[in-house]
Amino acid sequence: MKLIDIIMSSCALLGLNDDINTLKDLTAETVSSIEGNKNIEELIYLSKYSIRELCSNYIPMINSTEITTTNKKYPVKNLTNYIRVQNVFKGEMPVNYKIINRNIEFKEDGTYTVKYLTYPEIEGLFDDLDFMSNFSPDAMVLGLCAYFSLSKGMFDEFNDFHDKYIERAESLKTLKLFEMPCRRWV
C-alpha cells in the first residue's frame, strides 16, 4: 500500500473530490504538478504525524542497533526515528539504563545492543507503507481525516473522525494482545 492510496481514501471521506481527481492520474514523474495544492500538501504533512502516532501507540516497530558509549552515555538523537527505548542488552544479558536529558545512561562504558521503538520515514506519495501490511489502512485514514478536520477548524467533523480513529486504532492494539502461543488443556 502506498501513501497516495491513504491520502485518496482520506480525500474521499473528507469530500475533497477535486483533490481525488488530481491524485488519480498522478505518477512519480508528475508528482511536482501538485505543488501548491494546499489540501494535498497538508495531508502529506499530517500523514507523517499520523504514522509516528500509530507506531508510537498502536503498531510498534522495533529497531535494534549496536552502540558504544562514551562517558557512560549515548545520545538518543543518534537512534534513527527514535520513539522510546524498549530494552538494552550487553551480549545476551539485559542491562539497567536510565534516560536522562535525551541520553541513555549506563553504569559503565561498553558496547550495547539497544532495542527501541521507531517509525518509518515517509518521503513522498509513492512510498510504500509496509508496516501497515498486516492491518487495514482505515485507522490511518480516519486519523488523517481527524487531524485534517482539526487543522481546518471543523471541530464536529474532527470529533466524529477522532472517535472512530481511536476506536479503530485501539482495536489494532487489541489484535497484538492475542498473539500468544497455542495452549492445550488436558
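These figures come from a predicted structure and were not determined experimentally.
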For a 4.5 angstrom cut-off between non-hydrogen side-chain atoms, does [X] reach [Y]?
X      : Y      : result
Val76  : Asn103 : no
Pro120 : Asp130 : no
Tyr97  : Glu105 : no
Leu129 : Met140 : yes
Met132 : Ile59  : yes
His162 : Phe155 : no
Lys115 : Gln86  : yes
Ile4   : Asp127 : no

Same hydrophobic cluster for [X] and [Y], using side-chain heavy-atom links shorter than 4.5 Å among ILVMFWY?
X      : Y     : answer
Ile83  : Leu79 : no
Leu13  : Tyr45 : yes
Leu117 : Ile51 : no

Would you say [X]'s side chain and [Y]'s backbone share a donor-acceptor pair under 3.5 angstrom?
X      : Y      : result
Asp5   : Met1   : no
Asp160 : Glu157 : no
Thr69  : Gly110 : yes

Using every non-hydrogen atom in the two residues, find where [X] and [Y] come nearest and quote the distance to one decimal.
X      : Y      : answer
Phe148 : Leu14  : CD2-CD1, 3.4 Å
Val85  : Tyr116 : CA-CB, 3.9 Å
Tyr74  : Thr68  : CD1-O, 3.8 Å
Ser149 : Phe161 : OG-CD1, 3.6 Å
Cys55  : Met61  : SG-SD, 3.7 Å
Glu123 : Lys48  : O-NZ, 4.3 Å

Side chains of [X] and [Y]: do they bring a donor and an acceptor to under 3.5 Å?
X     : Y      : answer
Thr30 : Ser33  : no
Asn37 : Asp19  : yes
Glu42 : Ser151 : yes

- prompt: Between Ser50 and Ser47, is a side chain to side chain donor-acceptor pair (under 3.5 Å) present by the stated rule, with each step listed?
  reply: CA-CA 5 Å; Ser50 294; Ser47 67; over 6 Å; no

If you count the non-hydrogen atoms of other residues, nucleotides and ligands that lie under 6.0 Å from [atom1] in [X], is the total more than 12?
X      : atom1 : value
Glu167 : CD    : no
Phe126 : CZ    : yes
Asn21  : CG    : yes

message: Between Tyr165 and Glu53, does the side chain to side chain donor-acceptor pair (under 3.5 Å) criterion hold? Intermediate values first, please.
response: CA-CA 12 Å; Tyr165 164 65; Glu53 182 179 35; 2.9 Å; yes

message: Within 45 degrees of the ring normal and closer than 6.0 Å to the centroid, is that where the cationic atom of Lys72 sits relative to Phe106?
response: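 Ring-cation test returns no.
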
query: What do the steps show when you test Thr111 against Glu66 for side-chain contact (heavy atoms from CB on, under 4.5 Å), and what is the final call?
result: CA-CA 7 Å; Thr111 301; Glu66 193 170 283; 3.5 Å; yes

task: Determine, stepwise, if the pair Asn39 / Asp18 fulfils side-chain contact (heavy atoms from CB on, under 4.5 Å).
output: CA-CA 10 Å; Asn39 289 338; Asp18 291 340; over 6 Å; no

- prompt: Should the ring pair Tyr147 and Tyr49 be called parallel, tilted or perpendicular, given that the plane angle runs from 0 to 90° and is split at 30 and 60?
  reply: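 Taking Tyr49 first and then Tyr147, their aromatic rings stand perpendicular (interplane angle over 60°).
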
task: Using a strict cut-off of less than 4.0 Å between a Lys/Arg side-chain nitrogen and an Asp/Glu carboxylate oxygen, indicate whether Glu121 and Arg52 qualify as a salt bridge.
output: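 No.
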
- prompt: Should Asp128 and Lys2 count as an ion pair when the cut-off is N to O under 4.0 Å?
  reply: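 Judged by the 4.0 Å cut-off on N to carboxylate O distance, Asp128 and Lys2 do form a salt bridge.
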
query: Could you go step by step and tell me if Tyr119 and Thr80 meet the side-chain contact (heavy atoms from CB on, under 4.5 Å) rule?
result: CA-CA 9 Å; Tyr119 59 91; Thr80 306; over 6 Å; no

query: Per the side-chain contact (heavy atoms from CB on, under 4.5 Å) rule, which among Asn87, Thr113, Val114, Thr118 passes with Ser64?
result: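 Between Ser64 and the candidates, side-chain contact (heavy atoms from CB on, under 4.5 Å) is satisfied uniquely by Thr113.
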
- request: Give the C-alpha distance, both sets of side-chain angles, the deciding distance and a yes or no for side-chain contact (heavy atoms from CB on, under 4.5 Å) between Ile34 and Leu26.
  value: CA-CA 9 Å; Ile34 62 166; Leu26 200 63; 3.9 Å; yes

